[in-house]
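Residue numbers count from 1 along this sequence.
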Amino acid sequence: MSDEGSPRDGNGGGSRMRRGFVGSSRGDRHSSGGRDRHGSRDQGGRGQAGNFQHRQSYGGESGSHHSSRPYSPTPHYSAKPERESFAKDEVEKLEQQIKGDSSERGNEGGGFRGGRGGSGAAGRGGMRVNRRIPEFVRTRLDNTVTKQGSMGRQIMVKTNYFRIVRKDDENIFQYRVDFDPTVESSKQMSGLIFTIKDHIGGYLFDGSQLFTRNKLTNDAIQFQTRDRVNDEPFTITLRRVGKIDCTNETAFVIFNLINRKAMGGLKLQLIGRSFFDPEAKISIRQYGIELYPGYLTSIRQHEQDVLMCAEVTHRVMRIDTCYHMLQQCMNQRGNFRDNFTRMVLGTVVMTTYGTNKTYTISDVDYNLTPESSFETKNGSLSFMAYFKEKYNITIRDPRQPMLVSRSKPRDIRAGLPELVLLVPELSRITGISEDMRRDFQLMRAMAEHTRLAPDRRIQRLETFNQRLQQSKESSEIFRFWKTELDRRLVEVPARILEPETIFFHPEQAKYSVSAGDMAEWQMAFRNNPMYLTVALTNWAVVYPQGSDRLMVDFFNCLRDVAHKMYFQIDEPKRIPIPNDSPVVYVEHLSKIVQRDPQLIMCLVSNDKADRYAAIKKKCCVDRSVPTQVLKTRTITPKGGNVRTLMSVATKVAIQINCKIGGIPWIVKSPIASVMAVGFDICRDSKDKSRTYGALVACMYGKKDDQIVRHPKFFSTVNQHSNGEELSNFMSLNIVKALRAYQSCYQGTLPKHVIIYRDGVGDGDLKYVNEHEVQCVREKLRAAYRGTEMEPKLTFFVVNKRINTRLFLDRKNPPPGTIVDDVITLPERNDFYLVSQSARQGTVSPTSYNILWNESGFKADQLQIYTFKQTHMYYNWSGTLSVPSVCQYAKKLSTLAALFLHQQPNSALEKKLYYL
């Protein structure tokens, strides 16, 4: 790891309550535990010779693997295991879910990233709990106040939306469905409902509710039918709940069901919750991966029309299975169980049989193998026999351990067991590993297919629409439900704001440049100073022996660029060390920090996380000394030409100046007295139950009745374990930021507090609106009590994980493009802003939802101020996709959660030490 900023910077096992042994199917889930077996081989060193199946490493002697006692024969087949299987407590840098998994979000983004979970289970007659329902949180309280701005150049842009037109106002009837005896398998439920189609006509069924255009003869009606698989008799009871007039919220669930059914006519494969086209898969065999192209769709009411958002996505599939990963671990040094468990935990796999369902791996059970058996109504059955009988699959290795996946609460409520068992041999890995992510050639090969330019994306969307229109099955579904999908992409009015001016000197206006149409000013530092610098006179450099030549060349470049930027850098104290191991670094840093240097620069050979964590803990937790960590590769001249280091030296000089209190550049703040706050969260990499929430404040005010044009910063971070703690800490940290503001600006408080809250999914929006915002308001009122001022709070929710795309003349719109009509939501005070430039692929706008606004500012003022905030991130000489305070908060929360695992030293709160 290092502190080098790239452009724009761009679940564990847990306790077990019940276990359901299944083969990833919704069929027989009767189960039994494997016998407790203990291996005797030495876990260290390389594996012994011989066939993989015959190794004793899985534990136990060969022979019967039948359970010594049966498990509960209930439909959930749950019971407590005889012995807890191995679970690795610590997972280093677990990836947040691979790209394919994140692509299962709905239109307005949003997995759970902190805060509070979404709504709980619905009662009978409500929507089925495992179907995603858009949560309508009304935050636009005064519809008389326009949310559309007028500043900027007016344009028209295309979007990735299609209009949905309902041909008449015919009602749709809603029925509750009950089965006797109870059915838990959704596949079986759908099959039973299909047997009564002749009696009810065309229908939509979501697992607990049925929608039909036909009003049945009675409010409650029963049908006798039989399961076509096992001829078991069932009674289906339909009770009318009400009727849908296509104007309420349930109607949009129906629209999505119609569309989902229509997409089934395209012969796409449902993987997870999205549709993909395996026939059009793209193989990148040299890297062992395949890309499945697919589509994400979501339908809901927008300002004037019902619109369908359609987005092109890709699912990354590895050709190898988890079994191949297990074989690799067997041939590596060390404890293969620990290595395999660490590698597989948190990965998302897709089964190679049945409906190709996806699962997140929570654990590995080395006490169970495919030879283990479980109880069914016809007696004991091994996993090997089950897969042979049900799927005609022969498992080659009967001694491999079983993977464990913990079902989500909504899936448990829908009938799945809490724990699902998977066979490594039949589980393909999705997504890419950290090692693959570091492979530049691999990422570039993937980007050629996944990073679609605007014209190619538009072409794919239009092709998708044509397939829906031309498919006989799909068109019949739309026709039956009297619904029409418009063939054209929706065009919306937009505005382009004027480029901002970047200032590099507090007094001389000649030291300023326009951000330009691309909103980048990387080359400006060749002829401009930094706005505010702090002389670096007391600092040290720690580097491994043998790197002297590299350090001399780099320091010469660093001094050259610093001189041009009016940044004084004195000669550092140079400290060579025998090697760059964490122990050696900590030993020498312990001595250096005693001298209270302004900064310590550390040269490391690679991205080793434990060394980076040791450096940061010693300097940022034990003491309050900013550090600058550089990799040897970064300061190695290309082709031996030292002048190639000038660009790196410029970025490092800017970072160092920021870390010791300097300001590289500013934009004019239209608000003289304001505190802009960014908040983001990150889960602890060692303990997934803990989350770190970071708050960063950018403060403007007056001193001696003079406006201070450059900002001052304050940051703090807290560890919390649930949404309520997060809300409390956030509001308390706002008060801490106000105290810091008072210390900077002679005891005054800001007239305006603007909060940009990142890390909020749609499921968390209601909780944030009802709890976090109110907590902050209460703390603000208490902090301002006794003053002549009233706190003026504006609370934004920032969401960049959305599927909305904008196109201008089949190209990307420029930075400063704002859309605040047509595709925005009527219940929200929201807008879309494209603030960053994109040279490759399609630019993604950021959604801003104003939950609370008592500032008195018009839409134009809030939009322009937000755009200005995207210019103030000092790790990149250009604009970001989010306000700078959000990116600062993300950097700080990531540092605390992945490396420090505790709060940093409070003496660093007013410095940007986390850059």
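Between the N812 side chain and the V843 main chain, a donor and an acceptor come within less than 3.5 Å of each other. One N or O on the side chain of H505 and one on the backbone of Q508 form a donor-acceptor pair closer than 3.5 Å. With hydrogens and angles ignored, the 3.5 Å screen pairs no side-chain donor or acceptor of D758 with any backbone N or O of V797. Using a distance-only test at 3.5 Å, with no hydrogens or angles considered, no donor-acceptor pair links the side chain of Y848 to the main chain of N799. A distance-only check finds no donor-acceptor pair linking the side chain of N259 to the backbone of S298 [under 3.5 Å]. Put simply, the side chain of T297 never gets that close to the backbone of A310: no donor and acceptor are under 3.5 Å apart. At distances below 3.5 Å, at least one donor-acceptor pair connects side-chain atoms of N528 with backbone N or O atoms of A524. Panel note: side chain T870, backbone P883; no donor-acceptor pair is recorded below 3.5 Å. No donor-acceptor pair closer than 3.5 Å links the side chain of N641 to the backbone N or O of K638. In this structure, the side chain of Q869 does not engage the main chain of I864 through any donor-acceptor pair within 3.5 Å.
Once rounded to the nearest 0.5 Å, the distance linking CG of N853 with CG of L793 reads 8.5 Å. Atom CH2 of residue W852 and atom NZ of residue K792 lie 14.5 Å apart, to the nearest 0.5 angstrom. Rounded to the nearest 0.5 angstrom, L442 CG and I284 CD1 are separated by 7.0 Å. Between atom CE of residue M565 and atom CD1 of residue I654 there is a gap of 5.5 Å, rounded to the nearest 0.5 Å. Rounding to the nearest 0.5 Å gives a distance of 11.0 Å between CD of Q466 and CG of L461. Note that the CG atom of L808 and the NZ atom of K158 stand 11.0 Å from one another [nearest 0.5 Å].
With hydrogens and angles left out, the side-chain atoms of D680 and S893 include no donor and acceptor closer than 3.5 Å. Between the side chains of N657 and T533, no donor-acceptor pair is found at a separation under 3.5 Å. Residues S837 and E520 have side chains that bring a donor and an acceptor to within less than 3.5 angstrom of each other. For the residue pair E303 / T824, a side-chain donor-acceptor distance below 3.5 Å is found, with atom types taken as modelled.
The aromatic ring centroids of F275 and Y295 lie 6.0 Å or more from each other. Under the 6.0 Å cut-off for aromatic ring centres, F525 and F504 qualify, their centroids lying closer than that. Two rings, from F713 and Y888, have their centers less than 6.0 Å apart.
Between D277 and R467 there is a salt bridge, since a side-chain N of the basic residue sits under 4.0 Å from a carboxylate O of the acidic one. Using a 4.0 Å cut-off between a side-chain N of Lys or Arg and a carboxylate O of Asp or Glu, E462 and R457 do not qualify as a salt bridge. Ion pairing of R488 with D486 is present here, as a side-chain N (NZ or NE/NH1/NH2) and a carboxylate O approach within less than 4.0 Å.
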(message) What verdict does the ring pair (Phe, Tyr, Trp, His ring centres under 6.0 Å) test give for Y865 and F857, after you've listed the backbone C-alpha separation in whole Å, the side-chain angles of each residue and the deciding distance to 0.1 Å?
(response) CA-CA 10 Å; Y865 184 79; F857 294 142; 8.0 Å; no

(message) L765 vs L851, test: side-chain contact (heavy atoms from CB on, under 4.5 Å). Steps then yes/no.
(response) CA-CA 9 Å; L765 190 58; L851 300 189; 3.8 Å; yes

(message) Walk me through whether D455 and Q459 qualify under side chain to side chain donor-acceptor pair (under 3.5 Å).
(response) CA-CA 6 Å; D455 56 342; Q459 182 182 10; over 6 Å; no

(request) Before giving the answer on side-chain contact (heavy atoms from CB on, under 4.5 Å), spell out for E311 and T804 the whole-Å C-alpha distance, their side-chain angles and the decisive distance to 0.1 Å. (result) CA-CA 8 Å; E311 172 59 345; T804 298; over 6 Å; no

(request) Applying side-chain contact (heavy atoms from CB on, under 4.5 Å), run through S884 and Y874 and close with a yes or a no. (result) CA-CA 8 Å; S884 59; Y874 296 138; over 6 Å; no

(request) Output, in order, the C-alpha distance, side-chain angles, deciding distance and verdict of side-chain contact (heavy atoms from CB on, under 4.5 Å) for I164 and E484. (result) CA-CA 6 Å; I164 301 291; E484 182 180 350; over 6 Å; no

(message) Go through it in stages, so that I can follow the logic: the residues are D3 and Q655, the test is side chain to side chain donor-acceptor pair (under 3.5 Å), and I'd like the CA-CA distance, side-chain angles, deciding distance and then a yes or no.
(response) CA-CA 9 Å; D3 293 329; Q655 277 191 338; over 6 Å; no

(message) side chain to side chain donor-acceptor pair (under 3.5 Å), that's the test. Do T866 and Y756 meet it? Break it down for me.
(response) CA-CA 9 Å; T866 298; Y756 293 97; 2.9 Å; yes

(request) For side chain to side chain donor-acceptor pair (under 3.5 Å), just list the numbers for D860 and S150, CA-CA rounded to whole Å, side-chain angles, deciding distance to a tenth of an Å, and then say yes or no. (result) CA-CA 7 Å; D860 275 322; S150 59; 3.1 Å; yes

Under 3.5 Å, sequence neighbours excluded: what are the donor-acceptor pairs made by side chains of residues 661-670?
residue, atom, partner, partner atom, Å
W665, NE1, H871, O, 2.9
S669, OG, I671, N, 3.4
S669, OG, I671, O, 2.9

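Take V490 and apply the side-chain contact (heavy atoms from CB on, under 4.5 Å) test, not counting sequence neighbours, and it matches T159, Y161, R163, L307, V492, V822.
Figure legend: cation-pi geometry between R487 and F162 absent, as NZ or CZ is not positioned both under 6.0 Å from the six-membered ring centre and within 45° of its axis.
V834 places none of its side-chain heavy atoms less than 4.5 Å from the side chain of T846. Within the 4.5 Å cutoff, the side chain of Y511 has heavy atoms near those of the P529 side chain. Side chains of K659 and K911 form no contact here, defined as non-hydrogen atoms less than 4.5 Å apart. For the pair D517 and P499, the minimum side-chain heavy-atom distance is below 4.5 Å.
Exactly one of K858, K147, R828, R495 qualifies for a salt bridge (charged side-chain N to carboxylate O under 4.0 Å, His left out) with D820. That residue is R495.
The nearest pair of heavy atoms linking E827 to V137 is CG-O, 3.8 Å. Between S673 and K751, the shortest heavy-atom contact is OG-N, 3.0 Å. Taking all atoms of both residues into account, the shortest heavy-atom contact from T650 to V561 is OG1-CG1, 3.6 Å.
Within 6.0 Å of CZ in R810 there are more than 12 heavy atoms belonging to other residues, nucleotides or ligands. When the shell of 6.0 Å around CE of M443 is examined, it contains more than 12 heavy atoms from other residues, nucleotides or ligands.
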